[in-house]
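Remarks on the structure that follows.
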Amino acid sequence: MLELTDLRVHYGNVAAVDGVSVTVEEGEIVAIIGPNGAGKTSTLRALSGLVRASGGRVVFRGVDISRWRPHRIVALGLSHAPEGRRLFPQMTVIENLRMGAYRRRDGLAIERSLAEVLERFPRLAERRRQLAGTLSGGEQQMLTIGRALMSDPTMLVLDEPSFGLAPLIVREIRTIVESINRDRKVAVLLVEQNARMALAVAARAYVMETGRIVLSGPAAALRESPHVKAAYLGG
Amino acid sequence: MSIDLLVQALLNGFGLAMVYVLVALGLTLIFSILEIINFAHGEFYMLGGYVTYYAYALFGLNYFATLGLAILTVGLAGVVAERLIFHDLRGKALNAFIVSLGLLWVMQAGAQLAFGVLDKPVPSAFSGIVRVLGLVISVERLVVTLSAIVLIVALYLFLRLSRPGRAMRAVAQDADAAALQGVNIEAVAALGFGVGCALAGGAGGLLAPVFAVSPAMGALPVVKAFIIIIVGGMGSLPGAVLGGLLLGGVEGLGALFMGSAAVNILGFLMVIAVLLVRPRGLVGGA
(Lines give C-alpha, C1' and ligand atoms only; values in the text may rest on other atoms or scores of the structure.)
Protein backbone atom coordinates (compact mmCIF):
# COMPACT_ATOMS: atom_id res chain seq x y z
CA MET A 1 0.00 0.00 0.00
CA LEU A 2 2.82 2.40 0.93
CA GLU A 3 6.38 1.96 -0.20
CA LEU A 4 9.23 4.29 0.65
CA THR A 5 12.37 3.45 -1.29
CA ASP A 6 15.75 4.93 -0.41
CA LEU A 7 14.05 8.16 0.73
CA ARG A 8 16.35 11.12 1.39
CA VAL A 9 15.58 14.53 2.89
CA HIS A 10 18.18 17.27 3.14
CA TYR A 11 17.99 20.59 4.96
CA GLY A 12 20.76 22.54 3.26
CA ASN A 13 23.74 20.17 3.30
CA VAL A 14 22.51 18.21 6.28
CA ALA A 15 20.86 14.87 5.59
CA ALA A 16 17.92 14.41 7.98
CA VAL A 17 16.75 11.26 6.21
CA ASP A 18 19.52 9.30 4.56
CA GLY A 19 18.16 6.46 2.47
CA VAL A 20 15.13 5.08 4.28
CA SER A 21 13.03 2.23 2.93
CA VAL A 22 9.78 1.37 4.64
CA THR A 23 6.73 -0.56 3.49
CA VAL A 24 3.23 -0.72 4.92
CA GLU A 25 0.79 -3.34 3.67
CA GLU A 26 -2.96 -2.91 3.46
CA GLY A 27 -4.65 -2.93 6.87
CA GLU A 28 -1.34 -3.19 8.70
CA ILE A 29 -0.06 -1.20 11.69
CA VAL A 30 3.62 -0.38 11.29
CA ALA A 31 5.72 1.64 13.72
CA ILE A 32 8.89 3.64 13.31
CA ILE A 33 10.63 4.15 16.62
CA GLY A 34 13.81 6.02 17.39
CA PRO A 35 15.23 8.86 19.39
CA ASN A 36 14.54 12.56 18.99
CA GLY A 37 16.25 13.93 15.86
CA ALA A 38 16.52 10.55 14.11
CA GLY A 39 14.61 11.90 11.09
CA LYS A 40 11.26 10.21 11.79
CA THR A 41 9.21 13.37 11.41
CA SER A 42 11.16 14.43 8.31
CA THR A 43 10.35 11.04 6.78
CA LEU A 44 6.64 11.63 7.37
CA ARG A 45 6.80 15.22 6.11
CA ALA A 46 8.38 13.95 2.90
CA LEU A 47 5.81 11.24 2.35
CA SER A 48 2.86 13.61 2.79
CA GLY A 49 4.46 16.27 0.59
CA LEU A 50 5.23 18.95 3.20
CA VAL A 51 8.93 18.79 2.27
CA ARG A 52 10.36 17.79 -1.06
CA ALA A 53 12.46 14.61 -0.83
CA SER A 54 15.96 15.07 -2.20
CA GLY A 55 16.09 11.46 -3.35
CA GLY A 56 14.21 8.18 -3.42
CA ARG A 57 10.59 7.33 -4.15
CA VAL A 58 7.27 7.34 -2.36
CA VAL A 59 4.68 5.03 -3.88
CA PHE A 60 1.17 5.01 -2.42
CA ARG A 61 -1.56 2.73 -3.82
CA GLY A 62 0.65 2.09 -6.83
CA VAL A 63 1.09 5.79 -7.64
CA ASP A 64 4.44 7.55 -7.43
CA ILE A 65 3.61 10.56 -5.23
CA SER A 66 7.23 11.66 -4.64
CA ARG A 67 6.71 15.01 -6.33
CA TRP A 68 3.08 15.60 -5.35
CA ARG A 69 1.96 18.50 -3.20
CA PRO A 70 0.15 17.71 0.08
CA HIS A 71 -3.42 18.52 -0.95
CA ARG A 72 -3.35 15.92 -3.74
CA ILE A 73 -1.86 13.27 -1.47
CA VAL A 74 -4.70 13.70 1.05
CA ALA A 75 -7.18 13.31 -1.77
CA LEU A 76 -5.57 9.97 -2.66
CA GLY A 77 -6.39 8.66 0.83
CA LEU A 78 -3.29 9.27 2.92
CA SER A 79 -4.06 11.27 6.04
CA HIS A 80 -1.29 12.67 8.23
CA ALA A 81 -1.88 13.67 11.87
CA PRO A 82 1.25 15.74 12.41
CA GLU A 83 3.65 16.07 15.31
CA GLY A 84 2.55 18.65 17.86
CA ARG A 85 -1.15 18.21 16.93
CA ARG A 86 -1.24 21.33 14.77
CA LEU A 87 -4.92 22.05 15.24
CA PHE A 88 -6.59 25.26 14.12
CA PRO A 89 -6.66 26.91 17.55
CA GLN A 90 -9.19 29.63 16.68
CA MET A 91 -11.68 27.14 15.24
CA THR A 92 -14.11 25.04 17.25
CA VAL A 93 -13.85 21.28 17.57
CA ILE A 94 -16.52 20.86 14.90
CA GLU A 95 -14.85 23.34 12.54
CA ASN A 96 -11.53 21.50 12.94
CA LEU A 97 -13.23 18.23 12.11
CA ARG A 98 -14.94 19.75 9.07
CA MET A 99 -11.57 21.05 7.86
CA GLY A 100 -10.47 17.41 7.86
CA ALA A 101 -13.10 16.74 5.20
CA TYR A 102 -12.01 19.74 3.12
CA ARG A 103 -11.39 17.74 -0.07
CA ARG A 104 -14.64 15.84 0.13
CA ARG A 105 -17.78 17.06 -1.65
CA ASP A 106 -20.18 14.31 -0.57
CA GLY A 107 -22.20 16.24 2.02
CA LEU A 108 -24.17 13.30 3.43
CA ALA A 109 -21.15 11.06 3.76
CA ILE A 110 -19.27 13.89 5.52
CA GLU A 111 -22.09 14.13 8.08
CA ARG A 112 -21.88 10.37 8.57
CA SER A 113 -18.12 10.58 9.14
CA LEU A 114 -18.65 13.44 11.58
CA ALA A 115 -21.21 11.43 13.57
CA GLU A 116 -18.86 8.45 13.54
CA VAL A 117 -15.89 10.47 14.83
CA LEU A 118 -17.98 12.09 17.57
CA GLU A 119 -19.19 8.64 18.59
CA ARG A 120 -15.63 7.34 18.70
CA PHE A 121 -14.49 10.37 20.74
CA PRO A 122 -17.28 11.21 23.21
CA ARG A 123 -15.04 13.84 24.85
CA LEU A 124 -14.95 15.75 21.56
CA ALA A 125 -18.72 15.53 21.27
CA GLU A 126 -19.02 17.16 24.71
CA ARG A 127 -16.72 19.96 23.65
CA ARG A 128 -17.92 20.41 20.09
CA ARG A 129 -18.45 24.19 20.35
CA GLN A 130 -15.20 24.82 22.23
CA LEU A 131 -12.18 26.39 20.51
CA ALA A 132 -9.50 23.80 19.81
CA GLY A 133 -6.87 25.97 21.50
CA THR A 134 -8.66 25.59 24.84
CA LEU A 135 -8.69 21.77 24.90
CA SER A 136 -6.45 19.66 27.13
CA GLY A 137 -3.46 17.84 25.62
CA GLY A 138 -5.26 14.50 25.42
CA GLU A 139 -8.36 16.06 23.88
CA GLN A 140 -6.21 17.90 21.34
CA GLN A 141 -4.58 14.63 20.34
CA MET A 142 -7.98 13.00 19.94
CA LEU A 143 -9.13 15.91 17.81
CA THR A 144 -6.00 15.57 15.67
CA ILE A 145 -6.76 11.90 15.06
CA GLY A 146 -10.45 12.61 14.55
CA ARG A 147 -9.65 15.35 12.04
CA ALA A 148 -7.34 12.97 10.18
CA LEU A 149 -10.19 10.43 9.98
CA MET A 150 -12.54 13.00 8.45
CA SER A 151 -10.83 12.69 5.07
CA ASP A 152 -12.00 9.05 5.00
CA PRO A 153 -8.45 7.78 4.52
CA THR A 154 -7.20 4.34 3.55
CA MET A 155 -4.01 5.05 5.46
CA LEU A 156 -3.39 7.04 8.61
CA VAL A 157 0.01 8.48 9.50
CA LEU A 158 0.38 9.36 13.19
CA ASP A 159 3.37 11.34 14.40
CA GLU A 160 4.03 11.02 18.15
CA PRO A 161 0.39 10.71 19.26
CA SER A 162 1.52 9.87 22.82
CA PHE A 163 3.84 12.84 23.19
CA GLY A 164 3.39 14.73 26.47
CA LEU A 165 0.36 12.71 27.57
CA ALA A 166 -0.29 10.97 30.89
CA PRO A 167 0.05 7.14 30.83
CA LEU A 168 -3.69 6.68 31.17
CA ILE A 169 -4.36 8.85 28.12
CA VAL A 170 -1.60 7.09 26.18
CA ARG A 171 -3.38 3.80 26.80
CA GLU A 172 -6.64 5.35 25.61
CA ILE A 173 -4.96 6.62 22.42
CA ARG A 174 -3.51 3.16 21.88
CA THR A 175 -6.95 1.55 22.14
CA ILE A 176 -8.35 4.11 19.71
CA VAL A 177 -5.61 3.45 17.15
CA GLU A 178 -6.24 -0.29 17.40
CA SER A 179 -10.00 0.12 17.02
CA ILE A 180 -9.66 2.44 14.02
CA ASN A 181 -7.40 -0.11 12.36
CA ARG A 182 -9.78 -2.95 13.16
CA ASP A 183 -13.15 -1.31 12.33
CA ARG A 184 -12.17 0.68 9.29
CA LYS A 185 -9.38 -1.49 7.87
CA VAL A 186 -7.22 1.63 7.83
CA ALA A 187 -3.48 0.99 7.56
CA VAL A 188 -1.52 2.91 10.19
CA LEU A 189 2.03 4.18 10.11
CA LEU A 190 2.86 5.16 13.67
CA VAL A 191 5.92 7.17 14.59
CA GLU A 192 6.79 7.15 18.27
CA GLN A 193 9.48 7.86 20.78
CA ASN A 194 7.39 5.81 23.19
CA ALA A 195 8.76 2.46 21.96
CA ARG A 196 6.86 0.41 24.53
CA MET A 197 3.52 1.69 23.29
CA ALA A 198 4.50 1.52 19.60
CA LEU A 199 5.77 -2.07 19.79
CA ALA A 200 2.62 -3.11 21.64
CA VAL A 201 0.32 -1.76 18.92
CA ALA A 202 2.27 -2.48 15.74
CA ALA A 203 2.66 -5.77 13.91
CA ARG A 204 5.98 -4.71 12.43
CA ALA A 205 8.39 -1.95 13.30
CA TYR A 206 11.47 -0.12 12.11
CA VAL A 207 14.14 1.40 14.34
CA MET A 208 15.46 4.67 12.96
CA GLU A 209 18.66 6.35 14.13
CA THR A 210 20.51 9.33 12.60
CA GLY A 211 18.53 9.25 9.37
CA ARG A 212 18.77 5.51 8.68
CA ILE A 213 16.84 2.34 9.48
CA VAL A 214 19.11 0.31 11.73
CA LEU A 215 16.75 -2.54 12.62
CA SER A 216 13.42 -3.85 11.39
CA GLY A 217 11.17 -6.82 11.84
CA PRO A 218 8.07 -8.12 13.64
CA ALA A 219 7.32 -6.05 16.74
CA ALA A 220 7.53 -9.15 18.94
CA ALA A 221 11.06 -9.86 17.72
CA LEU A 222 12.14 -6.24 18.20
CA ARG A 223 10.85 -6.29 21.77
CA GLU A 224 13.39 -9.07 22.41
CA SER A 225 16.27 -7.41 20.56
CA PRO A 226 19.13 -6.51 22.94
CA HIS A 227 19.68 -3.18 21.17
CA VAL A 228 16.01 -2.18 21.40
CA LYS A 229 15.81 -3.35 25.00
CA ALA A 230 18.88 -1.38 26.02
CA ALA A 231 18.16 1.79 24.06
CA TYR A 232 14.36 2.06 24.06
CA LEU A 233 12.74 -0.17 26.63
CA GLY A 234 14.93 0.69 29.59
CA GLY A 235 16.93 -2.59 29.81
CA MET B 1 -20.12 72.04 23.62
CA SER B 2 -23.33 70.34 22.61
CA ILE B 3 -23.80 66.59 22.29
CA ASP B 4 -24.88 67.12 18.68
CA LEU B 5 -21.52 68.58 17.83
CA LEU B 6 -19.69 65.67 19.43
CA VAL B 7 -21.80 63.07 17.64
CA GLN B 8 -21.35 64.97 14.38
CA ALA B 9 -17.58 64.99 14.85
CA LEU B 10 -17.51 61.27 15.64
CA LEU B 11 -19.59 60.46 12.56
CA ASN B 12 -17.25 62.51 10.38
CA GLY B 13 -14.30 60.59 11.76
CA PHE B 14 -15.88 57.14 11.43
CA GLY B 15 -16.92 57.79 7.85
CA LEU B 16 -13.46 57.89 6.34
CA ALA B 17 -12.03 55.50 8.93
CA MET B 18 -14.28 52.71 7.64
CA VAL B 19 -12.63 53.05 4.23
CA TYR B 20 -9.19 52.90 5.83
CA VAL B 21 -10.36 49.77 7.65
CA LEU B 22 -10.87 48.20 4.21
CA VAL B 23 -7.25 48.99 3.34
CA ALA B 24 -6.11 47.64 6.72
CA LEU B 25 -8.19 44.46 6.37
CA GLY B 26 -6.56 43.77 3.01
CA LEU B 27 -3.08 44.20 4.47
CA THR B 28 -4.00 42.03 7.43
CA LEU B 29 -5.49 39.30 5.29
CA ILE B 30 -2.35 39.15 3.15
CA PHE B 31 -0.15 39.22 6.24
CA SER B 32 -2.04 36.41 7.95
CA ILE B 33 -1.98 34.13 4.90
CA LEU B 34 1.44 34.85 3.38
CA GLU B 35 3.20 36.16 6.51
CA ILE B 36 4.47 39.12 4.53
CA ILE B 37 3.75 42.83 4.64
CA ASN B 38 2.97 44.24 1.23
CA PHE B 39 4.35 47.77 1.24
CA ALA B 40 2.93 48.29 -2.25
CA HIS B 41 -0.61 47.88 -0.86
CA GLY B 42 -1.31 51.60 -1.33
CA GLU B 43 -0.47 51.26 -4.99
CA PHE B 44 -3.30 48.78 -5.42
CA TYR B 45 -5.53 51.38 -3.75
CA MET B 46 -4.19 53.86 -6.33
CA LEU B 47 -5.09 51.45 -9.15
CA GLY B 48 -8.64 51.36 -7.80
CA GLY B 49 -8.66 55.16 -7.97
CA TYR B 50 -7.59 55.18 -11.62
CA VAL B 51 -10.11 52.51 -12.61
CA THR B 52 -12.74 54.78 -11.09
CA TYR B 53 -11.40 57.85 -12.87
CA TYR B 54 -11.42 56.20 -16.30
CA ALA B 55 -14.61 54.14 -15.94
CA TYR B 56 -16.74 56.62 -14.02
CA ALA B 57 -15.39 60.13 -14.63
CA LEU B 58 -14.36 59.67 -18.27
CA PHE B 59 -16.45 56.78 -19.58
CA GLY B 60 -19.54 57.56 -17.52
CA LEU B 61 -20.17 54.11 -16.09
CA ASN B 62 -22.60 53.84 -13.17
CA TYR B 63 -20.96 54.60 -9.79
CA PHE B 64 -21.61 51.22 -8.19
CA ALA B 65 -20.76 49.30 -11.35
CA THR B 66 -17.49 51.23 -11.35
CA LEU B 67 -16.87 50.25 -7.76
CA GLY B 68 -17.41 46.60 -8.66
CA LEU B 69 -15.11 47.00 -11.64
CA ALA B 70 -12.39 48.56 -9.46
CA ILE B 71 -12.65 45.70 -6.96
CA LEU B 72 -12.49 43.08 -9.70
CA THR B 73 -9.68 44.69 -11.70
CA VAL B 74 -7.47 45.35 -8.71
CA GLY B 75 -8.22 41.90 -7.29
CA LEU B 76 -7.04 40.36 -10.56
CA ALA B 77 -3.96 42.59 -10.50
CA GLY B 78 -3.30 41.25 -7.00
CA VAL B 79 -3.55 37.62 -8.13
CA VAL B 80 -1.15 38.36 -10.99
CA ALA B 81 1.29 40.11 -8.62
CA GLU B 82 1.18 37.14 -6.24
CA ARG B 83 1.82 34.63 -9.01
CA LEU B 84 4.61 36.64 -10.62
CA ILE B 85 6.30 38.24 -7.63
CA PHE B 86 5.24 37.05 -4.20
CA HIS B 87 4.47 33.33 -4.49
CA ASP B 88 8.02 32.27 -3.62
CA LEU B 89 8.18 34.75 -0.75
CA ARG B 90 5.54 33.22 1.52
CA GLY B 91 6.95 33.40 5.05
CA LYS B 92 10.03 35.33 3.94
CA ALA B 93 9.16 38.66 5.50
CA LEU B 94 12.46 40.43 4.80
CA ASN B 95 12.66 39.45 1.14
CA ALA B 96 9.04 40.41 0.69
CA PHE B 97 9.68 43.76 2.38
CA ILE B 98 12.39 44.64 -0.16
CA VAL B 99 10.49 43.27 -3.13
CA SER B 100 7.26 45.05 -2.20
CA LEU B 101 9.11 48.36 -1.73
CA GLY B 102 10.47 47.84 -5.24
CA LEU B 103 6.98 47.11 -6.51
CA LEU B 104 5.76 50.32 -4.83
CA TRP B 105 8.24 52.42 -6.83
CA VAL B 106 7.59 50.54 -10.06
CA MET B 107 3.83 50.98 -9.74
CA GLN B 108 4.08 54.66 -8.82
CA ALA B 109 6.48 55.42 -11.67
CA GLY B 110 4.35 53.28 -13.98
CA ALA B 111 1.28 55.30 -13.01
CA GLN B 112 3.14 58.56 -13.67
CA LEU B 113 4.09 57.29 -17.12
CA ALA B 114 0.70 55.88 -17.97
CA PHE B 115 -1.64 58.40 -16.35
CA GLY B 116 0.51 61.54 -15.93
CA VAL B 117 1.72 63.21 -12.77
CA LEU B 118 -1.17 65.65 -12.34
CA ASP B 119 -4.11 65.07 -9.99
CA LYS B 120 -7.23 63.89 -11.78
CA PRO B 121 -10.47 65.08 -10.26
CA VAL B 122 -13.37 62.65 -10.02
CA PRO B 123 -16.78 64.32 -9.67
CA SER B 124 -19.01 63.35 -6.78
CA ALA B 125 -21.66 60.84 -7.62
CA PHE B 126 -23.99 62.16 -4.98
CA SER B 127 -24.69 65.67 -3.86
CA GLY B 128 -26.69 67.24 -1.07
CA ILE B 129 -27.05 66.45 2.58
CA VAL B 130 -29.43 64.55 4.79
CA ARG B 131 -30.50 65.69 8.24
CA VAL B 132 -31.05 63.00 10.83
CA LEU B 133 -31.93 64.01 14.40
CA GLY B 134 -30.28 67.36 13.95
CA LEU B 135 -27.14 65.85 12.43
CA VAL B 136 -25.94 66.95 9.04
CA ILE B 137 -24.47 64.23 6.86
CA SER B 138 -23.35 64.62 3.28
CA VAL B 139 -24.96 62.02 1.07
CA GLU B 140 -21.64 61.29 -0.59
CA ARG B 141 -19.94 60.52 2.73
CA LEU B 142 -22.91 58.42 3.75
CA VAL B 143 -22.73 56.33 0.58
CA VAL B 144 -18.96 55.94 0.91
CA THR B 145 -19.20 54.85 4.54
CA LEU B 146 -22.10 52.46 4.02
CA SER B 147 -20.37 50.92 0.99
CA ALA B 148 -17.24 50.36 3.08
CA ILE B 149 -19.31 48.73 5.82
CA VAL B 150 -21.05 46.50 3.27
CA LEU B 151 -17.65 45.39 1.96
CA ILE B 152 -16.39 44.69 5.49
CA VAL B 153 -19.46 42.57 6.22
CA ALA B 154 -19.07 40.81 2.86
CA LEU B 155 -15.46 39.96 3.74
CA TYR B 156 -16.56 38.64 7.12
CA LEU B 157 -19.23 36.43 5.57
CA PHE B 158 -16.81 35.23 2.89
CA LEU B 159 -14.23 34.18 5.49
CA ARG B 160 -16.87 32.67 7.76
CA LEU B 161 -19.10 30.79 5.36
CA SER B 162 -17.42 30.11 2.03
CA ARG B 163 -15.14 27.18 1.33
CA PRO B 164 -12.19 29.31 0.15
CA GLY B 165 -12.77 31.61 3.13
CA ARG B 166 -12.54 28.66 5.49
CA ALA B 167 -9.34 27.59 3.77
CA MET B 168 -7.89 31.09 4.23
CA ARG B 169 -8.64 31.02 7.96
CA ALA B 170 -7.07 27.58 8.23
CA VAL B 171 -3.92 28.67 6.38
CA ALA B 172 -3.68 31.77 8.57
CA GLN B 173 -3.82 29.61 11.71
CA ASP B 174 -1.48 26.84 10.55
CA ALA B 175 -0.41 26.55 6.92
CA ASP B 176 1.14 23.06 7.16
CA ALA B 177 -1.89 21.70 8.98
CA ALA B 178 -4.15 23.24 6.33
CA ALA B 179 -2.12 21.59 3.57
CA LEU B 180 -2.50 18.24 5.33
CA GLN B 181 -6.30 18.66 5.28
CA GLY B 182 -6.16 19.05 1.53
CA VAL B 183 -5.99 22.82 1.16
CA ASN B 184 -4.04 23.92 -1.92
CA ILE B 185 -1.83 26.48 -0.21
CA GLU B 186 -0.58 28.11 -3.40
CA ALA B 187 -4.10 28.67 -4.69
CA VAL B 188 -5.23 30.07 -1.35
CA ALA B 189 -2.23 32.40 -1.19
CA ALA B 190 -2.95 33.76 -4.67
CA LEU B 191 -6.65 34.17 -3.91
CA GLY B 192 -5.94 35.74 -0.50
CA PHE B 193 -3.53 38.22 -2.02
CA GLY B 194 -6.11 39.00 -4.68
CA VAL B 195 -8.92 39.53 -2.14
CA GLY B 196 -6.62 41.73 -0.03
CA CYS B 197 -5.77 43.87 -3.05
CA ALA B 198 -9.42 43.93 -4.14
CA LEU B 199 -10.32 45.53 -0.80
CA ALA B 200 -7.66 48.18 -1.38
CA GLY B 201 -9.00 48.72 -4.89
CA GLY B 202 -12.52 49.13 -3.54
CA ALA B 203 -11.25 51.67 -1.00
CA GLY B 204 -9.47 53.57 -3.76
CA GLY B 205 -12.65 53.60 -5.79
CA LEU B 206 -14.68 54.86 -2.84
CA LEU B 207 -12.31 57.70 -2.03
CA ALA B 208 -11.56 58.73 -5.62
CA PRO B 209 -14.41 61.29 -5.65
CA VAL B 210 -13.57 62.46 -2.12
CA PHE B 211 -9.91 63.18 -2.82
CA ALA B 212 -8.37 63.45 -6.27
CA VAL B 213 -6.67 60.58 -8.07
CA SER B 214 -2.87 60.76 -8.40
CA PRO B 215 0.08 58.35 -8.64
CA ALA B 216 1.07 59.03 -5.02
CA MET B 217 -2.45 58.81 -3.56
CA GLY B 218 -1.69 55.45 -1.93
CA ALA B 219 0.60 56.84 0.74
CA LEU B 220 -1.99 58.37 3.07
CA PRO B 221 -4.43 55.43 3.34
CA VAL B 222 -1.58 52.99 3.89
CA VAL B 223 -0.23 55.08 6.74
CA LYS B 224 -3.73 55.12 8.25
CA ALA B 225 -4.03 51.38 7.67
CA PHE B 226 -0.76 50.72 9.48
CA ILE B 227 -1.96 52.82 12.41
CA ILE B 228 -5.17 50.80 12.49
CA ILE B 229 -3.30 47.49 12.30
CA ILE B 230 -0.78 48.36 15.01
CA VAL B 231 -3.47 49.64 17.33
CA GLY B 232 -5.80 46.70 16.68
CA GLY B 233 -3.12 44.02 16.66
CA MET B 234 -1.15 42.60 13.76
CA GLY B 235 -2.98 39.85 11.90
CA SER B 236 -6.31 40.31 13.68
CA LEU B 237 -9.32 41.12 11.51
CA PRO B 238 -11.59 42.16 14.43
CA GLY B 239 -8.62 44.18 15.70
CA ALA B 240 -8.50 46.06 12.40
CA VAL B 241 -12.16 47.02 12.73
CA LEU B 242 -11.67 48.11 16.35
CA GLY B 243 -8.51 50.04 15.44
CA GLY B 244 -10.42 51.76 12.65
CA LEU B 245 -13.25 52.80 14.96
CA LEU B 246 -10.72 54.20 17.45
CA LEU B 247 -8.79 56.08 14.80
CA GLY B 248 -12.01 57.48 13.38
CA GLY B 249 -13.19 58.56 16.81
CA VAL B 250 -9.90 60.18 17.75
CA GLU B 251 -9.53 61.98 14.45
CA GLY B 252 -13.16 63.05 14.41
CA LEU B 253 -13.00 64.54 17.88
CA GLY B 254 -9.55 65.99 17.20
CA ALA B 255 -10.93 67.89 14.22
CA LEU B 256 -13.04 69.92 16.65
CA PHE B 257 -9.93 71.33 18.26
CA MET B 258 -7.23 71.47 15.62
CA GLY B 259 -6.62 71.76 11.90
CA SER B 260 -6.84 68.71 9.65
CA ALA B 261 -3.05 68.55 9.21
CA ALA B 262 -2.53 68.48 12.96
CA VAL B 263 -5.19 65.78 13.33
CA ASN B 264 -2.88 63.37 11.50
CA ILE B 265 -0.56 63.51 14.50
CA LEU B 266 -3.25 62.04 16.74
CA GLY B 267 -3.12 58.67 15.02
CA PHE B 268 0.58 58.37 15.69
CA LEU B 269 0.14 59.46 19.30
CA MET B 270 -2.46 56.72 19.62
CA VAL B 271 0.01 54.18 18.19
CA ILE B 272 2.64 55.23 20.73
CA ALA B 273 0.14 55.06 23.57
CA VAL B 274 -1.08 51.58 22.59
CA LEU B 275 2.44 50.25 22.06
CA LEU B 276 3.46 51.49 25.51
CA VAL B 277 0.54 49.84 27.25
CA ARG B 278 -0.05 46.79 25.06
CA PRO B 279 2.70 46.20 22.49
CA ARG B 280 0.87 43.42 20.65
CA GLY B 281 -2.11 45.68 19.95
CA LEU B 282 -5.55 45.64 21.47
CA VAL B 283 -6.76 42.34 19.98
CA GLY B 284 -3.39 40.85 18.98
CA GLY B 285 -2.68 37.35 20.24
CA ALA B 286 0.98 36.43 20.00
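Quick caveat: nothing in here was measured; it's all calculated off a predicted structure. Letters go in sequence order (proteins before strands), and every chain restarts at 1. Excluded from the calculations below are hydrogen atoms, water molecules and symmetry mates; all remaining heavy atoms, backbone and side chain alike, are included.
- Residue A/R85 does not touch chain B at all, counting heavy-atom pairs closer than 4.5 Å.
- When every heavy atom of B/G182 is checked against every heavy atom of A/R103, the shortest pair comes out as O-NH1, 2.6 Å.
- Contact of the A/H71 side chain with the B/N184 side chain is registered, since non-hydrogen atoms from C-beta on lie closer than 4.5 Å.
- Contacts of A/R72 with chain B are absent, with no heavy-atom separation under 4.5 Å from either backbone or side chain.
- Across all their heavy atoms, A/Y102 and B/A167 have their closest contact at OH-CB, 3.3 Å.
- In plain terms, the two heavy atoms of B/A179 and A/V74 that are nearest each other are O-CG2, 3.9 Å.
- Side-chain atoms of B/R163 and A/R105, non-hydrogen and from C-beta on, do get closer than 4.5 Å to each other.
- Residue A/I73: no heavy atom, backbone or side chain, is found under 4.5 Å from chain B.
- Within 6.0 Å of the CG atom in A/N36, the count of heavy atoms belonging to other residues, nucleotides or ligands does not exceed 12.
- Using a 4.5 Å heavy-atom cutoff, the side chains of A/R69 and B/E186 are in contact.
- Atom CG in B/L180 sits 8.0 Å away from atom CZ in A/R45 (nearest 0.5 Å).
- Under a cut-off of 6.0 angstrom, the local environment of CD in A/E178 is crowded, with over 12 non-hydrogen atoms contributed by other residues, nucleotides or ligands.
- Heavy-atom pairs under 4.5 Å with chain B were tallied for A/P82, A/P70, A/A101, A/S151; the largest tally goes to A/P70.
- Note that the NE2 atom of A/H80 and the CD atom of B/Q181 stand 10.5 Å from one another [nearest 0.5 Å].
- Side-chain atoms of B/Q173 come within 3.5 Å of backbone atoms of A/Q90 as a donor-acceptor pair (strictly under, hydrogens ignored).
- Annotation: side chain of B/V183 is in contact with side chain of A/M99 (closest heavy-atom distance under 4.5 Å).
- Residue A/L108 qualifies as open at atom CG: its count of foreign heavy atoms under 6.0 Å is 12 or below.
- For B/A172, no part lies near chain A; criterion is any non-hydrogen pair under 4.5 Å.
- For the atom pair B/D174 CG and A/R86 CZ, the distance stands at 4.0 Å (nearest 0.5 Å).
- The main-chain N or O of A/E95 is never found under 3.5 Å from a side-chain atom of B/R166 such that the two would form a donor-acceptor pair.
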